[in-house]
Amino acid sequence: MEFIDNKLINDFSKNGVVLCKGIFKEWLDKLRIGVDKLIKNPSERERSYTPDDGTAPFFQDLVNWNRIPEFKDFIFKSNIGFYAAKLMNSNKSIFFHDHVLVKEPGSSIVTPWHQDKPYYCVDGEKSVSFWIALDDISKEGCLECIAGSHLSNILHKPKRFNGKDLYENDNSLEVPDIDSNRAKYKIMSWDIKAGDAIAFDFRTLHGASKNVDRISRRRVFSARIVGDDAFFVDRQGKGSPPFENVKLQTGDKLIGEEFPVIYPL
Ligand SMILES: O=C(O)CCC(=O)C(=O)O
């Protein structure tokens with residue numbers, strides 16, 4: 001298993017987040033080329049934010065694995081499906097989507113605290129996102145995850161990163177004010193090297209600071225994967241990603257060309 005040992009699997013189950021050192025180092029060049037291509041030719045799903053203070057933008061785009069060959073190669077030819085299955089304790093890995101998040105040098109856009117699951121048309125106990133750093137990132141600018149938050153059974157209200165509610169008439173619980181009470185939480189983050197990945201559960205509360213680095217970009221390729229218990233859920237609104245062509249009903253197995261099985265192949 002090399003990168004994923006029993007300790008990491010246990011820590012993932014207990015904390016809902018682990019650091020996988022150097023796990024995708026040999027894929028860096030390919031993923032960086034893919035990100036360059038994507039920024040030059042974004043999809044209609046691109047959702048970038050430009051700060052009012054004149055600092056650099058935060059580029060985001062989703063679900064591009066089928067049109068950027070470098071991303072497709074990565075998800076089918078790397079060991080990501082195998083690693084995900086091990087961490088999730090699943091017999092298979094289903095690719096849910098890719099998400100590119102680039103904070104250009106000095107970008108003041110903060111990623112607010114949130115969980116991913118309420119944005120997604122999928123449910124089930126087994127999930128993992130690999131947040132793959134394509135640049136070195138200091139702990140100060142790193143993704144932060146709250147250990148154990150995946151076990152709370154609460155799904156907090158999803159919002160766009162500009163603070164607007166994702167769904168209309170959503171009465172679910174707001175994310176608590178974590179930043180004013182940081183000592184109350186076990187917040188995990190690290191000094192990251194390019195090629196490291198933070199693996200976290202879709203239910204884990206997480207957020208990220210602005211790009212504190214004024215010289216270096218903060219390029220991230222995030223790969224979202226679900227396990228053998230995954231099923232479709234209609235969250236009564238346009239989720240993110242929207243998956244508008246998917247015609248599944250709540251409770252259906254997550255099957256279809258949008259959601260390829262990447263392990264076993
Ligand atoms: O990279 C970021 O700023 C946020 C990442 C994130 O929210 C995610 O990968 O789900």
Side-chain angles (χ1 to χ4, degrees), residues 12 16-20 23-24 31-32 35 38-39 45-51 55-65 71 74-75 80 84 87 95-122 127-146 149-150 155-164 166 175 178-179 187-192 194 196-213 216-226 239-241:
F12 182 71
V17 54
V18 287
L19 172 65
C20 307
I23 188 166
F24 297 122
L31 289 173
R32 285 173 179 154
V35 168
L38 179 63
I39 291 177
R45 291 168 296 284
E46 180 202 354
R47 188 169 281 274
S48 297
Y49 295 103
T50 302
T55 61
F58 175 19
F59 171 90
Q60 285 194 91
D61 203 343
L62 312 131
V63 199
N64 289 293
W65 63 269
F71 295 169
F74 174 67
I75 68 165
I80 191 167
L87 282 179
F95 195 71
F96 185 52
H97 75 91
D98 54 276
H99 188 169
V100 168
L101 307 111
V102 178
K103 289 192 182 175
E104 297 294 352
S107 176
S108 66
I109 303 266
V110 168
T111 308
W113 290 101
H114 66 284
Q115 297 157 299
D116 288 338
K117 191 166 182 174
Y119 293 74
Y120 292 164
C121 60
V122 69
S127 66
V128 61
S129 279
F130 285 93
W131 188 87
I132 303 165
L134 307 184
D135 295 290
D136 294 351
I137 303 170
S138 68
K139 185 171 159 75
E140 207 191 339
C142 178
L143 185 78
E144 296 187 312
C145 293
I146 299 193
S149 55
H150 64 309
L155 286 189
H156 293 282
K157 185 190 280 190
K159 296 186 184 237
R160 300 239 174 245
F161 288 176
N162 60 10
K164 295 207 173 105
L166 185 69
V175 173
I178 294 163
D179 283 324
I187 298 178
M188 316 268 292
S189 68
W190 296 269
D191 279 315
I192 298 275
D196 295 350
I198 297 176
F200 61 97
D201 188 289
F202 288 2
R203 299 164 296 183
T204 300
L205 274 163
H206 60 282
S209 75
K210 58 191 181 179
N211 185 356
V212 290
D213 196 314
S216 195
R217 307 173 78 189
R218 198 222 64 171
R219 287 169 295 181
V220 167
F221 181 86
S222 214
R224 330 271 192 197
I225 296 165
V226 290
S240 176

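The chain is numbered in sequence order, starting from 1. Ligands are counted one by one from 1 in listed order, and the atoms in each one are counted from 1 as well.
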Quiz item: Which of parallel (below 30°), tilted (30 to 60°) and perpendicular (above 60°) describes F161 and Y119?
Solution: perpendicular

Quiz item: Who are the side chain to side chain donor-acceptor pair (under 3.5 Å) partners of T50, not counting sequence neighbours?
Solution: none

Would you mind writing out a table of all protein N or O atoms found under 3.5 Å from any N or O atom of ligand 1, naming both atoms and giving the distance to 0.1 Å?
residue: ligand 1; atom: 1 (O); partner: W131; partner atom: NE1; Å: 2.9
residue: ligand 1; atom: 1 (O); partner: R218; partner atom: NH1; Å: 3.2
residue: ligand 1; atom: 1 (O); partner: R218; partner atom: NH2; Å: 2.8
residue: ligand 1; atom: 3 (O); partner: T111; partner atom: OG1; Å: 2.5
residue: ligand 1; atom: 3 (O); partner: R218; partner atom: NH1; Å: 3.1
residue: ligand 1; atom: 3 (O); partner: R218; partner atom: NH2; Å: 3.3
residue: ligand 1; atom: 7 (O); partner: H114; partner atom: NE2; Å: 3.1
residue: ligand 1; atom: 7 (O); partner: H206; partner atom: NE2; Å: 3.1
residue: ligand 1; atom: 9 (O); partner: S222; partner atom: OG; Å: 3.2
residue: ligand 1; atom: 9 (O); partner: R224; partner atom: NH1; Å: 3.1
residue: ligand 1; atom: 9 (O); partner: R224; partner atom: NH2; Å: 3.2
residue: ligand 1; atom: 10 (O); partner: D116; partner atom: OD1; Å: 3.3
residue: ligand 1; atom: 10 (O); partner: D116; partner atom: OD2; Å: 2.8
residue: ligand 1; atom: 10 (O); partner: H206; partner atom: NE2; Å: 3.0
residue: ligand 1; atom: 10 (O); partner: R224; partner atom: NH1; Å: 3.1
residue: ligand 1; atom: 10 (O); partner: R224; partner atom: NH2; Å: 3.2

Quiz item: Of all heavy-atom pairs between H114 and V175, which one has the smallest distance, and what is that distance?
Solution: CA-CG2, 4.3 Å

Quiz item: Looking at N211, T55, T111, which hits side chain to side chain donor-acceptor pair (under 3.5 Å) with K103?
Solution: T111

Quiz item: For the rings on Y120 and H97, is their centre-to-centre separation under 6.0 Å?
Solution: yes

Exercise. Check S209 against G141 and note the closest heavy-atom contact, atom names and distance.
Key: OG-CA, 3.4 Å

